[in-house]
Structures are given as structure tokens and as C-alpha cells.
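Data block below; observations after.
Throughout, a chain's letter reflects where its sequence line sits, starting with A, and its residues are numbered from 1.
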2 protein chains.
Amino acid sequence: MHKIQMYICLMYSSELIKGTLKTLVLNLLAKHDRMYGYEITQHVKERTEEKIQLTEGALYPLLHRLEADGLLTTEKVSIGKRVRKYYKLTKTGKQAATTLSDEFRQFSKTMNKLLDTFQSKPQLQWLN
Amino acid sequence: MHKIQMYICLMYSSELIKGTLKTLVLNLLAKHDRMYGYEITQHVKERTEEKIQLTEGALYPLLHRLEADGLLTTEKVSIGKRVRKYYKLTKTGKQAATTLSDEFRQFSKTMNKLLDTFQSKPQLQWLN
DNA sequence: CTTAATACCTAAGAAAATTATGCATTAAGA
DNA sequence: TCTTAATGCATAATTTTCTTAGGTATTAAG
């Protein structure tokens with residue numbers, strides 16, 4: 001007897017994440033005080049029902065960039081023999097988080113308005 | 001006597017456009033049947049009160065890619081000695097427009113939800 | 001004992017935008 | 001009339017950033 005599972009891919013085209021990754025990460029840190037990389041990927045995955053999945057190849061370089069830019073500071077914590085690297089917002093980082101968050105909200109409003117004027121057809125319903 | 005003008009930059013950080021340009025262009029064409037490149041830039045600029053400004057360096061290569069991918073067809077029209085290049089959606093292009101539009105709507109909902117859980121502080125008001 | 005999950009990282013390549021051009025026509029203004 | 005701004009196309013070099021595909025190591029679970 002085999003158990004058969006079917007998956008429907010609900011993930012967004014990764015294109016959309018592109019302009020938004022920094023906004024996402026900074027605001028996650030604004031809420032959680034400190035987080036480590038892997039934690040960030042899991043958190044986003046859970047909170048979006050797997051729809052947004054951050055790849056480590058994109059995340060870690062971003063975190064390093066943000067640290068280099070002075071938006072984050074790091075702190076290493078040993079868990080047994082493993083070392084976690086926690087990231088925390090600086091003051092500048094907090095400001096950036098707010099700015100980017102507001103910017104995204106406004107942008108998505110503008111975009112949705114544009115898209116609405118484009119097509120007046122009834123909205124398709126999404127699986128979820 | 002000099003005329004002094006002050007500008008307040010209301011434009012979005014161009015980061016956000018990145019994942020969205022294709023969605024925007026295809027849906028603009030879905031609404032307008034046919035448009036030429038320059039017209040697209042002006043239309044978006046006007047409809048968004050200058051907040052979204054498409055650069056030609058991004059737009060034209062995109063249009064060429066979309067044509068190469070079979071989402072658009074072109075048609076050249078002479079206006080005096082100038083030649084306009086009109087773009088029009090193919091059937092595939094129309095489908096893509098709808099898909100991407102729905103995807104964006106859903107994505108922005110998800111993102112906004114995430115951002116809302118991040119910070120419960122009162123929203124900053126935006127100029128305009 | 002082996003696999004999955006946790007946890008970090010980087011390098012090569014691809015994709016797409018920015019910046020900076022270039023050319024030409026036409027309208028508007030000094 | 002002369003010059004500038006607007007219209008209209010386009011590309012090339014560079015940069016940025018993501019994807020893909022690895023690598024290492026620890027710990028939990030089966």
C-alpha cells in the first residue's frame with residue numbers, strides 16, 4: 001500500500017521576490033530583535049504557507065551586504081559545537097526597515113491600482 | 001531673476017520595479033491593444049503621478065525579449081519620417097498577462113500580511 | 001548506521017537593471 | 001532662426017543580484 005501525495009505548486013515566481021528581499025529581511029529583524037539566517041528562511045516559509053521560499057544563496061550574501069552597509073550587526077552564539085550567527089538591526093537598519101516597508105506598501109497600492117485599470121474582468125480566485 | 005524649483009522625490013526605489021516590470025508591461029498591453037515603447041513609459045509616468053518611471057534601457061530590451069519569447073508581435077507605423085514600433089499581445093502573451101497580474105496581487109497580499117505582522121505601530125502617512 | 005534537518009558559507013554563471021550613450025525627427029520658444 | 005525640449009528608437013558596458021550547485025559540519029531521528 002502506497003501513500004500518494006500530490007503537490008500543487010503555490011510558490012510565487014521568484015521574480016517577485018527580487019525587489020523585495022531586503023525589505024522582507026529588514027522588517028523581519030525589526031520585529032524579532034535578533035535572528036539567524038536559517039531561522040529567517042524557515043520563518044518566512046512557515047508564515048507564507050511555503051509560498052515564499054528564500055534561498056540561502058540569496059540570503060547569506062544579502063545579510064553580509066547589509067552588515068557591510070552598517071544596517072546589521074552580528075553576534076555569534078555557540079549551541080553545543082555549532083555556531084549560530086545572529087543578526088540585529090542597527091539604528092540605521094531600523095530606519096531603513098521602516099522606509100522600505102512604507103515604500104512597498106505604497107508601491108503595491110500603486111501597482112494594484114494600475115492593474116485594476118487594466119482589466120475590469122472578475123478576479124480569478126486562488127487556491128490556498 | 002532666477003526661477004528656483006524644488007523637487008520632492010516621490011519615486012519609488014527602483015528596486016521594487018525589478019520583479020514587476022514584465023507584469024506591468026504585459027498588462028498595459030492587455031488593456032490597450034497596441035502601444036509603442038515611448039507611449040508605455042509616458043503612460044505609466046502619468047498614471048502613477050511620476051512615481052513609477054520606466055527607463056528606456058530597461059524597457060526596450062524587455063520588449064525585445066518578450067517578442068522573442070512569442071508574447072508580443074510588432075508592427076511598424078510611419079509617422080512622417082519617424083517610425084513607431086507598435087507592440088501587441090499574442091494569445092500566449094494575454095495568458096501571461098493574466099497569470100502575472102494574479103500572481104502579483106496574491107504576492108502583494110502575502111507581503112503586506114507579513115509586513116503587518118512585523119510592525120503593529122501606526123502607519124506613517126505618505127506625501128501625496 | 002544512514003538520512004534528514006540544522007547551520008553556515010562561497011563560486012560560477014545567468015539575468016536583468018542602471019548608466020551612458022547614440023541617432024534622428026519634430027515642436028516650441030527665444 | 002537657432003536652440004532646446006520632446007518624441008522615438010536603440011545598444012553597450014558595467015553593476016547588481018539571483019540561481020544553481022556545490023562544500024563543510026553538527027545533531028536528531030529512524
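Rounded to whole Å, atom C1' of C:dT6 lies 12 Å from atom NZ of A:Lys45. A straight line from CG of B:Leu66 to C1' of C:dA17 spans 15 Å, rounded to a whole angstrom. Distance, B:Leu62 CG to C:dA17 C1': 11 Å, rounded to whole Å. Atom CD1 of A:Ile40 and atom P of C:dT6 are 15 Å apart (whole Å). For B:Leu59 and D:dA10, the CG to P distance is 10 Å, given to the nearest whole Å. The nearest whole Å value for the distance from the NZ atom in A:Lys22 to the C1' atom in D:dC18 is 15 Å. In this structure, CG of B:Leu54 is placed 10 Å from P of C:dA17, rounded to the nearest angstrom. Regarding A:Ile17, its CD1 atom lies at a distance of 11 Å from the C1' atom of D:dC18, rounded to whole Å.
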Find every protein N or O atom lying less than 3.5 Å from an N or O atom of nucleotides 28-30 of chain D, and list the pairs.
none

Filtered N/O pairs between nucleotides 20-27 of chain D and protein, under 3.5 Å:
residue	atom	partner	partner atom	Å
D:dT26	O2	A:Arg82	NH1	2.4
D:dT27	OP1	A:Lys81	N	2.8

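In this structure, A:Arg65 reaches the D:dC18 phosphate: one of its side-chain N or O atoms is under 4.0 Å from OP1 or OP2. Residue B:Tyr60 places at least one side-chain N or O closer than 4.0 Å to OP1 or OP2 of D:dC9. For the OP1/OP2 pair of D:dC9 and a distance below 4.0 Å, the side-chain nitrogens and oxygens of B:His64 include no atom meeting the criterion. Between B:Lys18 and D:dC18 there is no side-chain N or O to OP1 or OP2 distance below 4.0 Å. Contact between the side-chain N/O atoms of B:Tyr36 and the OP1/OP2 oxygens of D:dG8 is found at a separation under 4.0 Å.
When each of B:Tyr38 and B:Lys85 is assigned the nucleotide of DNA chain D bearing its nearest heavy atom, the one mapping closer to the 5' terminus is B:Tyr38. Nearest-nucleotide positions on DNA chain D for B:Glu39 and A:Gly19 put B:Glu39 closer to the 5' end. For the pair A:Tyr86 and A:Glu15, both in contact range of DNA chain C, the more 5′-proximal nearest nucleotide belongs to A:Tyr86.
Qualifying side-chain hydrogen bond (donor to acceptor under 3.5 Å, both in side chains) partners for A:Tyr36, counting only residues two or more places apart in sequence or in other chains: A:Arg84. In this view, B:Thr41 satisfies the side-chain hydrogen bond (donor to acceptor under 3.5 Å, both in side chains) rule with no residue, not counting sequence neighbours. With sequence neighbours left out, the salt bridge (charged side-chain N to carboxylate O under 4.0 Å, His left out) criterion links A:Lys85 to no other residue. With sequence neighbours excluded, no residue satisfies side-chain hydrogen bond (donor to acceptor under 3.5 Å, both in side chains) with A:Glu56. Not a single salt bridge (charged side-chain N to carboxylate O under 4.0 Å, His left out) links A:Arg47 to another residue, sequence neighbours left out. Under the rule for a side-chain hydrogen bond (donor to acceptor under 3.5 Å, both in side chains), B:Lys45 has no partner lying at least two apart in sequence or in another chain.
Using a 4.0 Å heavy-atom distance criterion, A:Leu21 is classed as a sugar-phosphate-only contact.
The shortest distance between side-chain heavy atoms of B:Asp116 and A:Arg105 falls below 4.5 Å. Under the 4.5 Å side-chain criterion, counting only non-hydrogen atoms from C-beta, A:Leu54 is in contact with A:Leu24. Within the 4.5 Å cutoff, the side chain of A:Lys88 has heavy atoms near those of the A:Asp33 side chain.
Annotation: side chain to side chain donor-acceptor pair (under 3.5 Å) contacts involving residues 57-69 of chain B, sequence neighbours excluded, comprise B:Glu67-B:Thr74.
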